[in-house]
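Data first, discussion second: the structure below is written as structure tokens.
All values below were derived from every heavy atom in this structure, side-chain atoms included, with hydrogens, water molecules and symmetry-related copies excluded. In what follows, chains are A, B, ... by sequence order, proteins preceding strands, each numbered from 1.
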Number of protein chains: 2
Amino acid sequence: MAKDLEIALLRSFVTAVRAGSISRAATALGHTQPALSQQVRKLESAVGHPLLHRSPSGVLPTRAGEELLPYAERILSLSAQALTETGRALTGHCGVGLLEDLAASQLSQVLADLARLHPGATLEVLSVADVAMREAYDTGRVHLVLNEVPALPGPPRWTVRRPLVWAVGTGVDPAAQPLPVVLFSNPCFWRTSVLEAMDRADRPWRVAFESNSLVGVLAAVRAGLGVAALMPANLEPGMACHDADALPVLPDVELGLARHPRTEGDPLTDAVESALRRTI
Amino acid sequence: MAKDLEIALLRSFVTAVRAGSISRAATALGHTQPALSQQVRKLESAVGHPLLHRSPSGVLPTRAGEELLPYAERILSLSAQALTETGRALTGHCGVGLLEDLAASQLSQVLADLARLHPGATLEVLSVADVAMREAYDTGRVHLVLNEVPALPGPPRWTVRRPLVWAVGTGVDPAAQPLPVVLFSNPCFWRTSVLEAMDRADRPWRVAFESNSLVGVLAAVRAGLGVAALMPANLEPGMACHDADALPVLPDVELGLARHPRTEGDPLTDAVESALRRTI
DNA sequence: GGGCTGTCATAATGGATGCTTATGGCCAAG
DNA sequence: CTTGGCCATAAGCATCCATTATGACAGCCC
């Protein structure tokens with residue numbers, strides 16, 4: 001029977017990668033640097049591959065480390081959710097509005113888990129255009145909104161920055177001039193930042209396809225119509241761009257969560273909010 | 001900062017539930033009974049709720065234990081997958097045929113993970129009717145098929161039994177006479193076993209709706225057209241039947257995996273097969 | 001009713017595990 | 001050339017944890 005990983009080691013590893021340094025991770029976790037060093041080493045011997053490139057200026061994940069990272073983060077998230085939600089039996093209702101790119105990711109699975117765990121509670125997830133979202137928020141149908149910060153219907157309680165990556169369809173040359181681009185057609189905030197990024201890089205481009213849904217964009221990229229800027233979680237297997245220099249650098253997106261003031265203190269909304277924050 | 005669960009403790013807990021006894025779980029894990037007893041106790045104190053009902057005839061999960069169980073199993077599965085797949089860089093192609101009820105569950109997510117982990121490999125998942133599946137298997141397009149044992153296109157390499165549960169739409173009375181039933185319309189093996197179960201229970205029934213896709217069945221149940229027999233993973237939040245005696249007992253389904261002999265020894269197919277086996 | 005056999009819980013011991021302190025090497029910036 | 005960041009290594013010591021050795025309890029069979 002295969003051995004198990006240990007969650008504490010995964011936490012050390014993830015913290016080290018996020019902190020960019022074993023020492024900082026150590027203080028963040030309330031331990032000493034040799035302890036963390038030892039833990040990472042143990043994890044590496046369990047996995048069988050080196051996970052971090054050590055240098056006098058800090059650490060960076062190796063190839064194997066980058067592969068392990070998403071698994072580690074999901075395990076940590078599941079562990080935290082199991083720990084806080086088991087045996088609580090929440091009831092009530094919570095409406096959640098999500099940016100479409102987020103709804104397609106593992107977030108919806110986490111929310112489904114939460115709903116299954118609390119049979120007395122109901123969750124409603126919707127991802128619609130920003131104006132409709134604002135209305136749903138104002139009327140109280142949606143209690144939590146996770147979206148780009150400028151599009152939030154209320155003040156953000158917290159924010160996170162996420163990178164964008166290029167998705168390249170099969171048969172598309174990322175060096176083409178002009179570059180065929182697949183875009184969201186609706187008022188999408190990163191639509192403009194993507195185009196600005198290309199203008200800054202003096203890169204000629206043309207709109208090859210527009211769609212107002214993520215599945216449409218994905219289908220267009222898959223069909224080889226052009227390249228698109230997506231969140232990494234929505235990349236399909238063959239779409240990653242392996243040549244980092246062929247395409248302009250993309251800006252990060254800043255996501256934030258707005259919570260309707262009327263739900264202050266509601267335990268179910270609390271649980272959903274912290275699940276979102278953990279998973280995002 | 002919240003404490004972490006420990007994977008070893010989760011493994012002990014899951015093994016104990018599956019074995020129905022702490023002692024058997026201990027020998028299965030190669031430890032002694034007090035060690036397991038101690039581990040379960042530690043997990044209980046970490047979660048803050050008792051997880052097992054102890055009795056002189058064995059153990060049964062408590063309510064909190066049943067809630068924790070799916071989390072624990074997913075964490076174990078993720079851990080095993082991370083452990084065996086990181087840094088392996090598999091290449092090639094693998095076609096997978098899935099029973100539609102399985103394709104809708106977390107299986108597809110696990111396969112997507114696998115594909116993302118090995119950018120040089122391609123995976124193709126299809127879930128079609130049994131005859132089409134057999135043809136895809138015979139022509140070599142599909143290398144692994146996970147389906148009910150009688151429908152497999154080749155001899156099963158391994159099998160698992162899974163329970164079926166009743167899904168009850170909102171507004172449907174599970175005690176109605178005759179019982180309105182939502183069915184898969186195609187040659188589906190458990191269609192007949194479901195109807196036999198009702199005949200055995202002398203329960204009059206009528207077909208309220210037929211569909212040949214899972215989403216159709218789910219939509220019908222959701223709309224309150226009747227009850228359906230599903231795998232637990234496909235139950236939507238509000239559909240669980242809380243009155244255990246109102247509906248006849250459902251038989252288990254026996255799932256098996258067939259592997260095309262030409263793929264013997266192929267590492268990618270090995271990896272996909274073991275991922276399926278772990279997750280199912 | 002009295003073994004017998006299964007279950008789980010508890011207590012004490014000894015060894016392994018893992019954190020800490022203390023040190024050294026390395027590189028870049030001042 | 002020194003200083004201050006980083007990481008690795010070594011040795012001591014506390015803690016943790018699995019083991020052995022028990023005890024309590026329930027069912028089964030003679």
Side-chain angles (χ1 to χ4, degrees), chain A residues 1-66 68-69 72 79, chain B residues 1-66 68-69 79 83:
Chain A
M1 177 53 62
K3 278 208 42 146
D4 283 323
L5 293 176
E6 284 175 46
I7 294 192
L9 302 188
L10 296 177
R11 163 136 289 146
S12 302
F13 168 64
V14 169
T15 312
V17 172
R18 280 213 254 261
S21 131
I22 292 189
S23 312
R24 272 199 296 275
T27 65
L29 293 174
H31 284 169
T32 58
Q33 170 261 319
L36 259 277
S37 214
Q38 212 170 320
Q39 291 192 330
V40 173
R41 204 158 275 291
K42 188 177 171 195
L43 183 64
E44 284 175 326
S45 90
V47 171
H49 299 266
L51 298 171
L52 293 177
H53 281 129
R54 277 91 160 167
S55 85
S57 61
V59 292
L60 278 179
T62 63
R63 173 64 198 268
E66 289 193 0
L68 180 62
L69 199 55
S79 151
Chain B
M1 178 54 62
K3 278 208 41 149
D4 283 323
L5 293 177
E6 284 176 45
I7 294 192
L9 302 188
L10 295 177
R11 163 138 287 144
S12 304
F13 167 64
V14 169
T15 312
V17 171
R18 281 214 253 262
S21 131
I22 291 189
S23 312
R24 272 199 295 276
T27 66
L29 293 174
H31 284 169
T32 58
Q33 171 263 319
L36 260 276
S37 212
Q38 211 169 319
Q39 290 192 331
V40 173
R41 205 157 274 291
K42 189 176 171 194
L43 183 63
E44 284 175 325
S45 91
V47 170
H49 298 267
L51 298 171
L52 294 177
H53 285 304
R54 278 89 161 168
S55 85
S57 61
V59 292
L60 278 178
T62 63
R63 172 66 197 268
E66 291 192 358
L68 180 62
L69 199 55
S79 151
L83 196 51

Under 4.0 angstrom between A:R24 side-chain N/O and D:dG5 OP1 or OP2:
no
Name all residues meeting the salt bridge (charged side-chain N to carboxylate O under 4.0 Å, His left out) criterion together with B:R63; count only those two or more places apart in sequence or in a different chain, and write none if there are none.
B:E67
Is the phosphate of D:dT9, meaning OP1 or OP2, less than 4.0 Å from a side-chain N or O of A:R41?
yes
So which of residues 15-23 of chain A are in contact with DNA chain D, with a heavy-atom cut-off of under 4.0 Å?
A:S21, A:I22, A:S23
Which pairs with one or both residues in residues 26-36 of chain A pass salt bridge (charged side-chain N to carboxylate O under 4.0 Å, His left out), sequence neighbours excluded?
none
Protein-nucleotides 20-24 of chain C N/O pairs closer than 3.5 Å?
from	atom 1	to	atom 2	distance (Å)
C:dT20	OP2	A:T32	N	2.9
C:dT20	OP2	A:T32	OG1	2.7

Close approaches to DNA chain C from residues 45-59 of chain B, in residue order (heavy atom, under 4.0 Å):
B:R54, B:S55, B:P56, B:G58, B:V59
Whole angstrom is fine here: how far is it from CD in A:E6 over to C1' in C:dG18?
11 Å
So the side-chain hydrogen bond (donor to acceptor under 3.5 Å, both in side chains) pairs with at least one residue in residues 27-38 of chain B (sequence neighbours excluded) are none
Tell me every residue that passes side chain to side chain donor-acceptor pair (under 3.5 Å) with B:R41, counting only those two or more places apart in sequence or in another chain.
none
D:dC7 phosphate, OP1 or OP2: any side-chain N/O from A:S37 under 4.0 angstrom?
no
Whole angstrom value for the distance that separates P of C:dG18 from CG of A:L29:
16 Å
Name each donor-acceptor pair under 3.5 Å that joins a side chain in residues 52-61 of chain A to protein atoms two or more places apart or in another chain, with its distance.
from	atom 1	to	atom 2	distance (Å)
A:R54	NH1	A:E44	OE1	3.3
A:R54	NH1	A:E44	OE2	2.8
A:R54	NH1	A:L52	O	3.2
A:R54	NH2	A:E44	OE1	3.2
A:S55	OG	A:S57	N	3.1
A:S55	OG	A:S57	OG	2.9
A:S55	OG	A:G58	N	3.4
A:S55	OG	A:G58	O	3.2

Under the side chain to side chain donor-acceptor pair (under 3.5 Å) test, residues paired with A:S79 that sit two or more places apart
none
For the helix from C:dG1-D:dC30 to C:dG24-D:dC7, how many degrees between its two end axes (five pairs per end), to the nearest 10°?
30°
Of the non-hydrogen atoms in B:S12 and B:L29, which two are nearest, and what is the gap between them?
CA-CD1, 4.0 Å
Minimum heavy-atom separation for B:T62 to B:P50, with atom names?
OG1-O, 2.8 Å
Residues at least two apart in sequence or cross-chain that pass side-chain contact (heavy atoms from CB on, under 4.5 Å) with A:A19, listed by chain then number, are A:R24, A:A25
Determine: side-chain N/O of B:K42 to OP1/OP2 of D:dC17, distance under 4.0 Å, yes or no.
yes
d(CG, B:L60; P, C:dT7) in whole Å
14 Å
Partners passing side chain to side chain donor-acceptor pair (under 3.5 Å) against A:S21 (at least two apart in sequence or in another chain):
none
Does any part of the side chain of A:Q39, heavy atoms only, come nearer than 4.5 Å to the side chain of A:L9, both counted from C-beta?
yes
Check A:D4 against B:A8 and note the closest heavy-atom contact, atom names and distance.
OD2-CA, 4.2 Å
Please name the pair of heavy atoms, one in A:L5 and one in B:I7, separated by the smallest distance, quoted to 0.1 Å.
O-CB, 3.4 Å
Write down the distance between CG (B:L36) and P (D:dC17), rounded to a whole number of angstrom.
14 Å
